[in-house]
Structure formats: C-alpha cells, structure tokens
2 protein chains.
Amino acid sequence: MRSRRQRYSDSTKRALVDVAETLFTEHGYSATSLDAIVAGADVTKGALYHHFSGKQAIFEAVFDRIESRATESIGRATEGHADPWEKATAGLHAFLEVVQEPGYRQVVISDGPAVLGLERYREREEGSAYALVDEVVRSVLARDEWALDEQMLDTFTRIFFGAMSAAGSSVAVSDDPVAAAARVDTAIGIIMEGLRHLVESGAAGSATSRT
Amino acid sequence: MRSRRQRYSDSTKRALVDVAETLFTEHGYSATSLDAIVAGADVTKGALYHHFSGKQAIFEAVFDRIESRATESIGRATEGHADPWEKATAGLHAFLEVVQEPGYRQVVISDGPAVLGLERYREREEGSAYALVDEVVRSVLARDEWALDEQMLDTFTRIFFGAMSAAGSSVAVSDDPVAAAARVDTAIGIIMEGLRHLVESGAAGSATSRT
DNA sequence: TTGAAGTACGTACCTTCGGTATGTCATTTG
DNA sequence: CAAATGACATACCGAAGGTACGTACTTCAA
C-alpha cells in the first residue's frame, strides 16, 4: 500500500487531470487558463507545477487519457472477430462512436496537432487507435498473393486512418449522426468491397508495380 | 485607380499579411506574437488593429491566402483532363505537392482546426481544395448505374479528402518524400482500381442498399 | 482656398496568463 | 528525534493580446 502522502498526492493529481479534461473539452486549450484548472481542483498553481512541468504537460496527460479510453473502446469492439472483414466493420463502428465524443474531438482532433506539434501528435497516435487500424488493415491486406511490403502496408493504414477520421468528423458535425454514420458505413463498405474483389481475384499484383 | 491613401493602406495591409505568413509558418500560431508581426512589417499595433480585429483575424487572412494558392495549384493540375480517372490522378499528385509546403502544413493542417475551431475550419475547406476533390469524386462516381444521392457523394468526398490529407501528411514527414509519394500513389491507385471494377461492372448497386 | 470630417495609423496603458522563486508544513527516514 | 524530503501555498514577474486615445495626413464640400 502506498504511503499516506503518496495517496494524497495521487488524488490531487487525478483531480487536476479531471478538471483539466472537462475544461479542455468544453473551452479548448487556449481558452482554458491554469487558474481555472487549479480553482476547479481546489488547489493552487504550486500544486499543478509540482505535478506537471507546465500547461502543455497537463494537456498531454488529458490527451493520453482520452486516447487510451478510445483505444480500449475500439479494442473491445474488434476483439473476438475471426473474419478480418467483420473485424474491420466492427472496428469502424466503434471508431465512429469514439470520434463523436466531445473530448476526443476537441482535445485529440482539434487541439492535439497544434499543441503537440504534428510530429509528436503522430507519435502519440502510433501507439493507440492507429495501432488498431493497422492491425485490421494488415489482417485484411497482408496476403501472400499480394507483394505488399511493410511500408506499403503502413501507407494503407495511414490512408484508412485518415479516411476514417474524416468520416467520423463528418458524422460528428452532422445534424443526423445516425444517418450520417449509415452513409459512412455504406461508403466504406463500397470501398472495402472493391478491395475485396481485388484481393480475392489476386488482380492487384499489377497495381503494386505501377508507377 | 485607387486613391493615394487607399494604396498606402493596401500596401501596409499586405505587408502585415506577408510577415504574418512567414512567422506563422515558421513558428506556429501561438509562438508568433503580434509585436513580432508589426515589427517585421515596420508598423505598430495600431496599424494591425486598424486592419484586423485581432490575432485570429490576421491568421484567417493568412489561412485564406495559403488555401487559395493551394486550390489554384490543384485546379491548374486537374483542368484539361478529359478522362475522370486521369483527372483524379493528376489532382492527387498536385495535392501531394501542396501538402508538403511548410505553410500549408503548419497553418492549414496543424493550427487551422485549433484556431478556427472545427466548424469554421470545415466551412473554409468547403470552398477550396475540398471543392476540387468533390468535383473529381463526382466525375468518377456519379454514374447513372449507381444510385448515389447527393449526401452519399458528399460522404465519399469527405472520406477521400481525409484519406488524401493523411496520405499527404505521411509524405510530408517522410525521410524520403519521393518514395513515400510513390507508395501513396500505388495505394490510392489500388483503391481506385477496386472502385473502378465495381463501377464498370455495375456491381455496387447492392452495396448502396446494404445496412 | 479652407475648414470640417474621416482615414490610417502611432503611443501609452491595462489585463490576463503562463511561469518562477521561495516559503512552509507535514511526512518520512536515518 | 532531528534532518531530509515531499507536497503543496503565496507572491511575484514578464510577455502578450487587446484597448483607449491622440495625431497627422487625406479627402471633400462650401
């Protein structure tokens, strides 16, 4: 068991991240002041700067928390599917759910790139939702008939990840999210069906060797 | 001909946007101070606040300029292609070029969503590069055999736009942009080839009516 | 030609906010 | 039990966005 002091320390740190998450989600990064965060957590800036190196650091803590929750949610949805195409569909649905959460939209999609910088942002993605998309893409596309190397698979993952992010974004801002999600489902379904034909007919070998 | 005063006014405004563009591109939005902008343009904050309502306003001016340049560049690349698939390929190449420009990456991709907000950001996109992608997507997918309504076409455009943004981003951060661009070319080529099979075989009617 | 009005700035200042330096009290440890 | 350390609180600083106000030059009407 942690020491008495450790437990107090942990609770204040968690309180800070809790408040920061709600404020960052509701008002965005720049419109959220550290004073507001420490006031909400009922501590002072001394406490915040004892636990975090600065505003960006506590943002990253919130960012990581939201991303890990998203990853967990998608992971639960995809596990237990034997057929890779079913797995892909299940993952897509879960992703479309996640991307509608205000916290994910504001913190990860909107503020993330600007606050972390594009490079750090992409590094963070690698280990989270992106990894799941990568897994699904590989299970679908990595066949012996196809001469797709590592980098090509990675390229496909990037493309699908971007496509799904944009699709999710369009769902999230839609007046009728349910109908929008259904349209995304259909569109991705068509694209995947096209790929499936290529895969199962083995006709893509020519495509990989084009210019 | 504009009046003498008008010309002076226009030149200072342009000088402000010029300097702002380079600073926003090099250091990002938050790391660029208004003092640095007005110093670079050799004016004072009074001039800046006479022409713009604030920091966000001058950022939008820079944003619009970069986006319109990008749109123009892609538009030039796509025009003159009769075959829609060739047009799509030409547009993709131009897009991959654009997305490697530091200004586009920093201002439009990285800072854009956070500064403008996701809604305003998407509104700005609608009238620019997005419109070109939409045009190409429609020329490729809007066939009589397909029962794709307006909203479905829009969904496809969103997905492709997101895919291309992500693809371009992966090219931009790559150690070997040329090879990365070639991989993106191949990947998108495969995806389009799958779609093409569906289109030309008219086999997508079933897909549009799936759940 | 002249004087009033408006434009295009410059100057000085205010406020907020991220960050720092330092003090303090409880807890742990030797 | 005293020294050391951890977990904060308090006070303060400087930078940066924004505002209020003054001013010089231009335009235009009489």
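Naming convention: chains lettered A, B, ... in sequence-line order (proteins, then strands); numbering from 1 in each chain. This one's a predicted model, so the numbers in the text were calculated from it and none came from an experiment.
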Check whether any side-chain N or O of B:Ser110 sits under 3.5 Å from a backbone N or O of B:Arg105 as a donor-acceptor pair, and report yes or no. no
Please report, rounded to the nearest Å, how far the C1' atom of C:dC13 is from the CG atom of B:Asp35. 13 Å
Decide yes or no on side-chain contact (heavy atoms from CB on, under 4.5 Å) for A:Tyr29 and A:Gln106, but give the supporting numbers first. CA-CA 9 Å; A:Tyr29 179 77; A:Gln106 181 66 49; over 6 Å; no
Examine C:dA8: is either OP1 or OP2 under 4.0 Å from a nitrogen or oxygen in the side chain of B:His50? Give yes or no. yes
Strictly under 3.5 Å: I want the nitrogen or oxygen pairs between protein and nucleotides 18-22 of chain D, one per line.
from: D:dG18; atom 1: OP2; to: B:Tyr49; atom 2: OH; distance (Å): 2.8
from: D:dG18; atom 1: OP2; to: B:Lys55; atom 2: N; distance (Å): 3.0
from: D:dG18; atom 1: O5'; to: B:Tyr49; atom 2: OH; distance (Å): 3.2
from: D:dG18; atom 1: N7; to: B:Lys45; atom 2: NZ; distance (Å): 2.9
from: D:dG18; atom 1: O6; to: B:Lys45; atom 2: NZ; distance (Å): 2.9

Please state how far atom CG in A:Asp42 lies from atom P in D:dA7, giving the value in whole angstrom units. 19 Å
Can you check whether B:Ala180's main-chain N or O pairs, donor with acceptor, with B:Ser174's side chain at less than 3.5 Å? no
Nearest-angstrom distance from the residue atom CD1 of A:Ile58 to P of C:dG18: 11 Å
Between A:His51 and D:dC8, is there a contact of a side-chain N or O with OP1 or OP2 at under 4.0 Å? yes
Would you check if the side chain of A:Thr155 reaches a backbone N or O of A:Gln151 as a donor-acceptor pair within less than 3.5 Å? yes
Is any side-chain heavy atom of A:Val108 closer than 4.5 Å to one of A:Glu125? no
Can you check the B:Ile37 CD1 to D:dA16 P distance for me, whole Å? 11 Å
Going through the distances and angles, do B:Phe156 and B:Leu148 end up as a side-chain contact (heavy atoms from CB on, under 4.5 Å)? CA-CA 10 Å; B:Phe156 266 105; B:Leu148 297 180; 4.2 Å; yes
Extract from the structure each pairing of a protein N or O with an N or O of nucleotides 24-30 of chain C at less than 3.5 Å, listing the distance.
from: C:dT27; atom 1: OP1; to: A:Arg4; atom 2: NE; distance (Å): 2.9
from: C:dT28; atom 1: OP1; to: A:Arg4; atom 2: N; distance (Å): 3.1

When you check the phosphate oxygens OP1 and OP2 of D:dC8, does a side-chain N or O of A:Thr44 lie under 4.0 Å from one of them? no
Out of B:Tyr121, B:Phe24, B:Tyr104, which one pairs with B:Phe63 under the side-chain contact (heavy atoms from CB on, under 4.5 Å) rule? B:Tyr121
Derivation and outcome, side-chain contact (heavy atoms from CB on, under 4.5 Å), residues A:Phe59 and A:Phe52: CA-CA 10 Å; A:Phe59 175 83; A:Phe52 302 96; over 6 Å; no
Quick one: which of B:Glu72, B:Glu67, B:Arg69 gives a side chain to side chain donor-acceptor pair (under 3.5 Å) with B:Ser128? B:Glu67
Determine whether A:Arg183 and A:Ser170 satisfy the following criterion, side-chain contact (heavy atoms from CB on, under 4.5 Å), listing intermediate values before the conclusion. CA-CA 10 Å; A:Arg183 285 197 295 273; A:Ser170 80; over 6 Å; no
Residue-phosphate contact under 4.0 Å: A:Thr12 side-chain N/O, D:dC8 OP1/OP2: yes
Identify, residue by residue, the members of residues 16-33 of chain B with a heavy atom below 4.0 Å from DNA chain C, and return them in order of residue number, or none. none
Between atom CZ in B:Phe52 and atom P in C:dA8, what is the gap in whole Å? 13 Å
Flag the pair A:Arg158 / B:Val184 as yes when at least one side-chain heavy-atom distance between them is below 4.5 Å, and no otherwise. no
